[in-house]
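This one's a predicted model, so the numbers in the text were calculated from it and none came from an experiment. Atom set for the values below is all heavy atoms of this structure, side chains included, hydrogens, waters and symmetry mates excluded.
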Amino acid sequence: MKVFGIDISTWQKGYPYDAANSEGVKFAILRAGFSQTKDNQFETHYANAKRLGWGVGAYWYLYATSVSAAQAEARAFLNVIKGKQFDYPVYLDIEDRSLRSLGKSTLDSIVKAFGEVIESAGYYFGVYTNLDWYRNVISGAELNKKYD
């Protein structure tokens, strides 16, 4: 069975939630933020998704270039989502072109460091990226043994 969901962030300010609900949206994965910055529409998107009874997940768009920076971004993510209830995982979104040249080993370490912080706080953690990154930039298949 397929379930219709959306990815929503600051780029969808003024989103037509009720119309989307009428069209069959059942869940939303919300951008909580990026780098050290909370998405300025996160609270609005969260409140409306909950109001409509949608399942909710969240993600953080990563810019960290080191393990310590990834851990700091993960802590920023936790601060933004504190007290919220999620029906779907919380994800790391790693695909920014500025990170590509760091290499697989560093990027894999960044993913793991971010994930450890999130999982230690009790969340179900997953990784989002695109197919090129999955196959060529990070060790997608290897990381996929631990993370969805």
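Within 6.0 Å of NZ on Lys50 lie more than 12 heavy atoms contributed by other residues, nucleotides or ligands. Around atom CZ of Arg135, no more than 12 heavy atoms belonging to other residues, nucleotides or ligands sit under 6.0 Å away. Around NZ of Lys13, the count of heavy atoms belonging to other residues, nucleotides or ligands within 6.0 Å does not exceed 12.
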Q: May I have the step-by-step check of side-chain contact (heavy atoms from CB on, under 4.5 Å) for Phe114 and Gln71, ending in yes or no?
A: CA-CA 5 Å; Phe114 191 100; Gln71 291 165 330; over 6 Å; no
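Every ring-ring contact (aromatic ring centres under 6.0 Å, His included) that Tyr63 has, sequence neighbours left out, goes to Tyr61. The salt bridge (charged side-chain N to carboxylate O under 4.0 Å, His left out) search around Asp132 returns Arg100, not counting sequence neighbours. With sequence neighbours left out, the salt bridge (charged side-chain N to carboxylate O under 4.0 Å, His left out) criterion links Arg75 to no other residue. For Glu142, the salt bridge (charged side-chain N to carboxylate O under 4.0 Å, His left out) partners two or more places apart in sequence, or in a different chain, are Lys145. Under the ring-ring contact (aromatic ring centres under 6.0 Å, His included) criterion, Phe27 pairs with Tyr88, not counting sequence neighbours. Contacts of Phe77 classified as ring-ring contact (aromatic ring centres under 6.0 Å, His included), with partners at least two apart in sequence or in another chain: Trp60.
Interatomic distance, CG of Leu143 versus NZ of Lys112, reported as 6.0 Å (0.5 Å rounding). In this structure, CG on Asn21 lies 8.0 Å from CZ on Arg51, to the nearest 0.5 angstrom. Between Ile6 atom CD1 and Ile8 atom CD1 the span is 4.0 Å, to the nearest 0.5 Å. Here Leu62 contributes atom CG and Ser35 contributes atom OG; the two are 8.5 Å apart, rounded to the nearest 0.5 Å. Residue Asp39 holds its CG atom at 5.0 Å from OG1 of Thr10, rounded to the nearest 0.5 Å.
At a cut-off of 3.5 Å, with distance as the only test, a side-chain donor of Tyr59 or Asp7 sits close to an acceptor on the other residue. Side chain to side chain, Ser66 and Ser68 meet the donor-acceptor criterion of an N or O pair below 3.5 Å.
In terms of modelled atom types and a separation under 3.5 Å, the side chain of Asn48 and the main chain of Thr44 share a donor-acceptor contact.
The residues Glu116 and Lys146 are annotated as not salt-bridged, no charged nitrogen and carboxylate oxygen being separated by less than 4.0 angstrom.
Taking hydrophobic clusters as Ile, Leu, Val, Met, Phe, Trp and Tyr residues chained together by side-chain heavy-atom distances below 4.5 Å, Trp11 does not share a cluster with Tyr15.
For the residue pair Ala64 and Ile110, the shortest heavy atom distance occurs at O-CD1, 3.7 Å.
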